[in-house]
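Given the structure is predicted, the values throughout are model-derived calculations rather than measurements. Side chains included, hydrogens not; waters and symmetry mates left out as well; all remaining heavy atoms used. Here is how names work: the chains are called A, B, and so on, in the same order as the sequence lines, proteins then strands, and each is numbered from 1.
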There are 2 protein chains.
Amino acid sequence: MQELEERIRRQGTVKPGNVLKVDAFLNHQCDVRLFDHMGAEWARLFAGHQIDKILTIEASGIGIACMAARHFGDVPVVFAKKTQSINLDGDQYTTRIYSFTKQREYPVIVAKRFLKEGEHVLILDDFLAKGNALHGLIDICHDAKVVIEGIGIAVEKGFQEGGRTLRKEGYNLKSLAIVESMDPDQGTITFAPNPA
Amino acid sequence: MQELEERIRRQGTVKPGNVLKVDAFLNHQCDVRLFDHMGAEWARLFAGHQIDKILTIEASGIGIACMAARHFGDVPVVFAKKTQSINLDGDQYTTRIYSFTKQREYPVIVAKRFLKEGEHVLILDDFLAKGNALHGLIDICHDAKVVIEGIGIAVEKGFQEGGRTLRKEGYNLKSLAIVESMDPDQGTITFAPNPA
């Protein structure tokens, strides 16, 4: 998606250790007009698919998922929660996700009543690198016996294995921008030709 | 806001300890059409105010803030983050917020470059009880020397002190639904006449 690639080029910053910061418009400050355009693009890419619900994970997934839902007939958005709160019932799907950014594993839950067997689900998230968060969401989908219609990602790090693995596993994965390489010294970012 | 009150009556559940669960439409599963109507209502309530930016806090604030931003001319949404990530610069505003739900204090940060001196900010969040999270966001606004134009809340627990304190402090606080009392045995919820 050209608009997203241009924003990453203009406002993204490359840090040592393959870190790409896009917090100026994606995951700390949010450009809701861009989010809206991203939602329209996912709607185009997943046209013809039955989508009953969008599943994402807190925190950065929530804004893009809510904006995208408008383009899928206002389907409900469910976000997986990262810690057990004493407000929650015991009746929940649980998995554990390892975060390289935060360097720790954390439990992730979705209340069972918000994912019903046979529902058709679109998974959305802001980033895909090694794919740990997505595999956690997929685990929950399998537990809930829902149909994963597709996975939409804003920024995929194409040089890490997450996207390759998910495509090999047969998931209909659409990333709006795929970073092929980054140079922290020059600050340059190269995108893969988008397969979408 | 009648639509929100009706949803709380229909889908909210009252638990012992003054816990009101609205996770079916507000903070676990999200009804984006309702969020859109809430955004329109805040736009009506804060009409005439200059709003350059919306500030909220992860996670449940993000969805409603993004949807609301559309009604304020697509202003940027900034969400305060609850833990320090190694992806973040040192150049940030920091405060600490005590969560009664999670029974612990956690650091909250906003990158300094996303709140600029003199900007006019609308603070939005899903819940107001004792007001700890809001006072944390207000601290950050004061550090950043931004102008707090108003505070918009989805559900205020009117029987706890947060709203009273903030109004006494002079903040232009607009809550879309104010719960006056709840009865966990009967499951009944009574709303205060809305001052908005």
Would you name the heavy atoms of [X] and [Y] that are closest together and state the gap between them?
X	Y	answer
V75(A)	V32(B)	O-CG2, 4.1 Å
D36(A)	R70(B)	CG-NH1, 3.1 Å
F35(A)	C66(B)	CE2-SG, 4.2 Å

Inset, instruction - Scan V78(A), L115(A), V77(A) and name whichever one has a side chain to side chain contact (heavy atoms under 4.5 Å, CB included) with Q29(B). - result: V78(A)
Where does [X] contact chain A at under 4.5 Å (heavy atoms): side chain, backbone, both or neither?
X	answer
A24(B)	both
V110(B)	both
D74(B)	both

Decide whether [X] and [Y] are clustered together by the hydrophobic rule: side chain heavy atoms of Ile, Leu, Val, Met, Phe, Trp, Tyr closer than 4.5 Å, transitively.
X	Y	result
W42(A)	I51(A)	yes
F127(A)	V14(A)	yes
F72(A)	M1(A)	yes
V22(B)	I64(B)	yes

Verify the neighbour count for atom [atom1] of [X]: are there more than 12 heavy atoms of other residues, nucleotides or ligands below 6.0 Å?
X	atom1	answer
E161(A)	CD	yes
Q2(B)	CD	no
R33(A)	CZ	no

Inset, instruction - Could you check if a side-chain atom of R113(A) sits within less than 4.5 angstrom of a side-chain atom of D23(B), using non-hydrogen atoms only? - result: yes
Legend entry - E58(A) and N27(B): CA distance, side-chain angles, deciding distance, side chain to side chain contact (heavy atoms under 4.5 Å, CB included) verdict: CA-CA 11 Å; E58(A) 66 176 33; N27(B) 52 18; over 6 Å; no
